[in-house]
Amino acid sequence: MTRKERAKFIGNILDELYPEPAIPLNFSNTFTFLIAVLLSAQCTDKKVNAISPTLFALADTPQKMAQIPTEKIEEIIRPCGLAPAKSKHIKALSQMLLERFSGKVPRSFEDLESLPGVGHKTASVIMSQAFGVPAFPVDTHIHRLANRWELSDGSSVQKTEADLKKLFPKDEWNRRHLQMIYFGRSYCPARGHIPEKCPICSRIEYRKD
């Protein structure tokens with residue numbers, strides 16, 4: 001089985017299990033989605049969803065968030081981890097949205113990545129899931145699975161992203177990103193992986209950890 005054939009086989013299984021994968025973060029608009037994605041760095045989606053309603057009840061727009069003291073933001077998001085840095089980024093990006101982008105979340109990778117605390121992965125998530133622009137955000141789950149399934153060599157996140165974009169058709173990227181996250185959590189975890197019970201690893205050769 002070539003790498004391309006392997007990707008097609010894996011894609012078929014992912015489509016069977018997750019035909020219409022939902023975005024796992026709760027949000028009410030593009031701004032709250034951006035903040036939720038920023039909060040999810042080194043934090044579970046479940047915890048973000050538990051914490052974000054309190055923050056968004058206070059401020060669900062850049063205008064409102066820019067008025068909230070950084071210390072108050074930090075207090076609310078502390079359970080998510082990295083709260084000092086994240087709170088400063090949330091405050092600063094809200095102010096930048098007002099100053100540079102008329103209070104709207106920009107629709108380009110370059111502009112998104114210019115915002116405080118927004119790296120390439122976060123920008124890719126916003127572009128793909130908020131604006132429907134083909135992108136392939138690579139988080140720890142996807143990086144790990146791509147290596148385990150021998151779709152990439154695991155040398156870097158950048159290499160993994162480039163390899164996955166070559167292997168999967170462009171119109172599949174946005175859903176493959178979500179499908180792989182869900183699959184990694186449910187069937188193919190980093191620890192306690194049981195290949196015989198995994199719908200993919202039980203049917204293909206895989207790279208052992």
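What you see is a predicted model, and the numbers here were worked out from it, not measured in a lab. Keep in mind that the numbers below use all heavy atoms, side chains included, and drop hydrogens, waters and symmetry copies.
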Undergrad: Looking at Asp45 and Arg185, is there a salt bridge between them, counting it only when a charged N and a carboxylate O are closer than 4.0 Å?
TA: yes
Undergrad: Would a 4.5 Å heavy-atom cut-off, applied to side chains only, mark Ile200 and Cys188 as touching?
TA: no
Undergrad: Provide the closest heavy-atom pair for Leu39 versus Cys43 in the form atom of the first, atom of the second, distance.
TA: O-CB, 3.5 Å
Undergrad: Answer whether the closest heavy-atom distance between the side chains of Pro106 and Leu97 falls below 4.5 Å.
TA: yes
Undergrad: For the pair Lys104 (side chain) and Leu98 (backbone), establish whether a donor and an acceptor sit closer than 3.5 Å, ignoring hydrogens and angles.
TA: no
Undergrad: Begin from the C-alpha positions of Leu151 and Ile10 and carry the test side-chain contact (heavy atoms from CB on, under 4.5 Å) through to its verdict.
TA: CA-CA 10 Å; Leu151 299 179; Ile10 289 169; 4.1 Å; yes
Undergrad: Report yes if the side chains of Arg107 and Leu112 come closer than 4.5 Å at any heavy-atom pair, otherwise no.
TA: no
Undergrad: Is there a donor-acceptor pair under 3.5 Å between the side chain of Glu99 and the backbone N or O of Met96?
TA: no
Undergrad: Looking only at heavy atoms, which two atoms of His143 and Val157 are closest? And how far apart?
TA: CE1-N, 3.7 Å
Undergrad: Indicate the ring-plane relationship of Phe136 and Phe168, choosing parallel, tilted or perpendicular according to the 30° and 60° boundaries.
TA: tilted
Undergrad: Pairs of donor and acceptor atoms involving the side chains of residues 113-128, under 3.5 Å and at least two apart or interchain, shall be tabulated with distances.
TA:
| unit_1 | atom_1 | unit_2 | atom_2 | d |
| --- | --- | --- | --- | --- |
| Glu113 | OE2 | His120 | ND1 | 3.0 |
| Ser114 | OG | Arg100 | NH1 | 3.4 |
| Ser114 | OG | Asp111 | O | 2.6 |
| His120 | NE2 | Glu161 | OE1 | 3.1 |
| His120 | NE2 | Glu161 | OE2 | 3.0 |
| Ser124 | OG | His120 | O | 2.9 |
| Ser128 | OG | Ser124 | O | 2.9 |
| Ser128 | OG | Val125 | O | 3.2 |

Undergrad: If you round to the nearest 0.5 Å, how far is CG of Asp139 from CD1 of Ile142?
TA: 4.5 Å
Undergrad: Indicate the atoms forming the closest heavy-atom contact of Gln63 with Gly103, along with that distance.
TA: NE2-CA, 4.3 Å
Undergrad: Quick one: list whatever passes salt bridge (charged side-chain N to carboxylate O under 4.0 Å, His left out) with Lys47, sequence neighbours left out.
TA: none
Undergrad: Answer yes if Trp173 and Leu17 sit in the same cluster of Ile, Leu, Val, Met, Phe, Trp and Tyr residues linked by side chain heavy atoms under 4.5 Å apart, and no otherwise.
TA: yes
Undergrad: Begin with the C-alpha distance, continue with both residues' side-chain angles, and end with the deciding distance and a verdict on side-chain contact (heavy atoms from CB on, under 4.5 Å) for Tyr187 and Ser202.
TA: CA-CA 11 Å; Tyr187 299 104; Ser202 62; over 6 Å; no
Undergrad: Examine Leu145 and Tyr182 and state if one hydrophobic cluster contains both, with Ile, Leu, Val, Met, Phe, Trp and Tyr joined whenever side-chain heavy atoms are less than 4.5 Å apart.
TA: yes
Undergrad: When you compare the side chain of Pro24 with that of Leu178, does any pair of heavy atoms fall below 4.5 Å?
TA: yes
Undergrad: Between Ser87 and Pro84, is there a donor-acceptor pair closer than 3.5 Å when you use the side chain of the first and the backbone of the second?
TA: yes
Undergrad: For residues 64-76, run the donor-acceptor check on the side chains, cut-off 3.5 Å, and write out each pair with its distance to 0.1 Å, sequence neighbours left out.
TA:
| unit_1 | atom_1 | unit_2 | atom_2 | d |
| --- | --- | --- | --- | --- |
| Lys64 | NZ | Asp60 | OD1 | 3.3 |

Undergrad: Are Thr160 and Asn147 close enough that some pair of their side-chain heavy atoms sits under 4.5 Å apart?
TA: no
Undergrad: Donor-acceptor pair, distance only, cut-off 3.5 Å: does the side chain of Lys8 make one with the backbone of Leu167?
TA: no
Undergrad: Would you mind reporting whether Arg6 and Glu150 have side-chain heavy atoms less than 4.5 Å apart?
TA: yes
Undergrad: Minimum heavy-atom separation for Cys80 and Val48, please, with both atom names.
TA: SG-CG2, 3.9 Å
Undergrad: Looking at every heavy atom in both Cys198 and His193, which two are closest together, and how far apart are they?
TA: CB-NE2, 3.9 Å
Undergrad: Say whether Leu38 and Phe109 are linked into one hydrophobic cluster, either directly or through other cluster members, by side-chain heavy-atom distances under 4.5 angstrom.
TA: yes
Undergrad: Any chance you could measure Arg203, atom CZ, to Met1, atom CE, to the nearest 0.5 Å?
TA: 9.0 Å
Undergrad: Measure from the side-chain N and O atoms of Gln42 to the backbone N and O of Leu82, and report whether any donor-acceptor pair falls under 3.5 Å.
TA: no
Undergrad: Can you list everything that forms a side-chain hydrogen bond (donor to acceptor under 3.5 Å, both in side chains) with Gln179? Sequence neighbours excluded, please.
TA: Asp15, Arg176
Undergrad: Looking only at non-hydrogen atoms, find the nearest pair between Ile51 and Pro79 and report the distance.
TA: CD1-CB, 3.4 Å
Undergrad: When you look at Phe9 and Trp149, which way does the ring-ring contact (aromatic ring centres under 6.0 Å, His included) test go after all the steps?
TA: CA-CA 11 Å; Phe9 178 79; Trp149 296 339; over 10 Å; no
Undergrad: Please report the interatomic distance NZ(Lys159) to CG(Leu164), rounded to the nearest 0.5 Å.
TA: 10.0 Å
Undergrad: Could you pull out all residues at least two apart from Ser102 that satisfy side-chain hydrogen bond (donor to acceptor under 3.5 Å, both in side chains)?
TA: none
Undergrad: Think Lys208 forms a cation-pi with Tyr206, using NZ or CZ under 6.0 Å from the six-ring centre and within 45 degrees of its axis?
TA: yes
Undergrad: If you measure from CZ on Phe33 to CD1 on Ile23, what distance do you get to the nearest 0.5 Å?
TA: 4.5 Å
Undergrad: Using 0.5 Å steps for rounding, measure from the NE2 atom of His177 to the CD1 atom of Ile181.
TA: 4.0 Å
Undergrad: Same cluster for Leu93 and Leu58 if Ile/Leu/Val/Met/Phe/Trp/Tyr side chains link at under 4.5 Å?
TA: yes
Undergrad: For residues Asn29 and Thr32, is any side-chain donor paired with an opposing acceptor at under 3.5 Å?
TA: yes
Undergrad: May I ask you to test the Thr30-Phe131 pair for a side-chain heavy-atom distance under 4.5 Å?
TA: yes
Undergrad: If you define the side chain from C-beta out and look only at heavy atoms, does anything of Pro189 sit under 4.5 Å from Arg191?
TA: no
Undergrad: Considering residues at least two apart in sequence or located in another chain, which fulfil the side-chain hydrogen bond (donor to acceptor under 3.5 Å, both in side chains) criterion with Ser156?
TA: none
Undergrad: Donor-acceptor pair, Tyr18 side chain versus Arg175 backbone, under 3.5 Å?
TA: no
Undergrad: Could you measure the distance from the CD1 atom of Ile77 to the OG1 atom of Thr54? Nearest 0.5 Å is fine.
TA: 12.0 Å
